[in-house]
Amino acid sequence: RQRLKGEELEKEQRLQAAQLAMLETPAPAFVAVSPAAYVPPSKRLDYLLKMQLWYRKAGEYRVVHGRLGSRARKRAMSLAFNALLLSTATSVLLVLRLPFRGIASSLSALVMAINAFDRYMDFSGQFSQHEVSRRDFARLQREILIRMRTYTNSKNLEHFDQLGLRFADLFREMPMLPAEIAKWTVDDDLPFFRRMATRLYRFVMGEKPEPLFNYITEEALIREADANMNAALQAIGVEAPRPPAPRHVAARALDFAREHGFDIVQKIFKHQREQAKKKKEETEAAKSKKGAESRA
């Protein structure tokens, strides 16, 4: 019994040493993970893959807040410049006295309307909020990248919960994102003529433009929640329903043409024959009527 106890103790010590060695190995530089991927029952997203996902989300949040902040800043500067230009024109018209006082009063009312609209929309405040969020997510992204590349797995495991709480706080404090970001594509940044040529090429080839954001849109967050739920169900032995793979519109149209193409061609030719026959009958009827009138 003492010998068996000693063997079991040695086995436990070797197992603990192996686990400690696995934790002390450096983290890999990059591991791809998709929020829409189905996780097998034997695996769950571990802390390293979760950090990769936070890194990608932080990068996309940084980009989208930078773009929205730049757009809000441009709008605020445009309104301020227009208001300044109109107020200058109003002052010049007032100096010219009587003939232009009606125009000057209209311009002053327009300046007041522009200032009221600027205060209501608060584009300067939107710019400051998006700029703060952009800097916060940039710092978080830099910190996650440093931890994944330089720290050991055990060190990352110690600070994993802190990173999660920090990401949640930044997500809660950031301004709301418009739904239009789901429609932004990588082709939007191209020059005008190249963008038009790329869109024409994609339309001819039946390709869909690649979205600019893959992890922060509402659809992506829903897919991620569904994937996590399916993983949890499979972990407890429940078979999760697998959604059907979406097919492109061009592929569905090609399938329809393969199934019903011959019938469609036959219907087209039949319609053309009927139209030609009807036109011929109308022509003969007109000729006969004209001949009857000439004989009468």
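We're numbering straight along the sequence, starting at 1. No experiment lies behind these values; they were computed from the predicted model shown. Side chains are part of it too, since the values below use all heavy atoms of this structure and drop only hydrogens, waters and symmetry mates.
- Put simply, the side chain of Glu143 reaches to within 4.5 Å of the side chain of Leu163, judged on heavy atoms.
- In the hydrophobic clustering of this structure, Tyr201 does not group with Val204; members are Ile, Leu, Val, Met, Phe, Trp, Tyr whose side-chain heavy atoms approach within less than 4.5 Å, directly or through other members.
- Within the model, atoms CZ of Phe137 and CE of Met174 stand 5.5 Å from one another, a figure rounded to the nearest 0.5 Å.
- Between Glu180 and Lys183, no side-chain nitrogen of the basic residue sits less than 4.0 Å from a carboxylate oxygen of the acidic one, so the salt-bridge criterion is not met.
- Using a 4.5 Å cut-off between side-chain heavy atoms of Ile, Leu, Val, Met, Phe, Trp and Tyr, with links allowed through other members, Trp184 and Val186 fall into the same hydrophobic cluster.
- Using modelled atom types, no side-chain atom of Asp118 and backbone atom of Ile114 make a donor-acceptor pair closer than 3.5 Å.
- Minimum heavy-atom separation, Ala182 to Thr217: CA-CG2, 3.8 Å.
- Annotation for Ala76 and Phe123: closest pair CB-CB, 3.7 Å, computed over non-hydrogen atoms.
- The distance from the CG atom of Leu79 to the CE atom of Met77 is 11.5 Å, given to the nearest 0.5 Å.
- Side-chain polar atoms of Asp188 and Thr185 form a donor-acceptor pair below 3.5 angstrom.
- Two different hydrophobic clusters hold Leu84 and Leu107 under the rule that ILVMFWY side chains link at heavy-atom gaps under 4.5 Å.
- For Phe213 against Val64, the heavy-atom pair with the smallest separation is CZ-CB, 3.7 Å.
- Remark: Arg71 CZ is packed, more than 12 non-hydrogen atoms of other residues, nucleotides or ligands lying under 6.0 Å away.
- Rounding to the nearest 0.5 Å places OG of Ser288 at 9.5 Å from CD of Glu293.
- Taking all atoms of both residues into account, the shortest heavy-atom contact from Val111 to Ala83 is CG2-O, 4.0 Å.
- Under the 4.5 Å side-chain heavy-atom criterion for ILVMFWY residues, no single connected hydrophobic cluster contains both Val132 and Tyr61.
- In this structure a side-chain-to-backbone donor-acceptor pair under 3.5 Å is missing from Ser78 to Lys74.
- In the displayed structure, Met196 atom CE is contacted under 6.0 Å by more than 12 heavy atoms of other residues, nucleotides or ligands.
- For Arg166, the CZ atom is densely surrounded, since the number of other residues' heavy atoms within 6.0 Å is greater than 12.
- Between Leu212 and Ile181, the closest side-chain pair of non-hydrogen atoms is not below 4.5 Å.
- Panel note: side chain Arg195, backbone Asp187; no donor-acceptor pair is recorded below 3.5 Å.
- Summarising the geometry of Arg62 relative to Gln141, their closest heavy-atom pair is NE-OE1, 3.0 Å, with the distance given to 0.1 Å.
- Between Glu60 and Arg56 no salt bridge is recorded (no basic side-chain N to carboxylate O distance below 4.0 Å).
- Glu131 CD to Arg135 CZ: the interatomic distance, rounded to the nearest 0.5 Å, is 4.5 Å.
- Of the possible polar contacts, one joining the Ser108 side chain to the Ser105 backbone as a donor-acceptor pair under 3.5 Å is found.
- Placement of Leu68 and Leu170 within a single hydrophobic cluster is found when ILVMFWY residues are connected by side-chain heavy-atom separations under 4.5 Å, directly or transitively.
- With contacts defined as side-chain heavy-atom distances shorter than 4.5 Å, the pair Lys57/Phe167 qualifies.
- Taken from CG in Asp122 to CZ in Phe117, the straight-line distance is 11.5 Å, to the nearest 0.5 Å.
- A donor-acceptor pair is defined here as one N or O able to donate and one able to accept, closer than 3.5 Å; no such pair exists between the side chain of Ser70 and the backbone of Arg67.
- In plain terms, the two heavy atoms of Ala104 and Leu94 that are nearest each other are CB-CD2, 3.8 Å.
- The CD1 atom of Ile144 sits 9.5 Å away from atom CG of Leu53, with the distance rounded to the nearest 0.5 Å.
- The existence of a salt bridge linking Arg139 and Asp136 is confirmed by a sub-4.0 Å separation between a basic side-chain nitrogen and an acidic carboxylate oxygen.
- In this structure, His65 and His130 have tilted ring planes: the angle between them lies in the 30° to 60° band.
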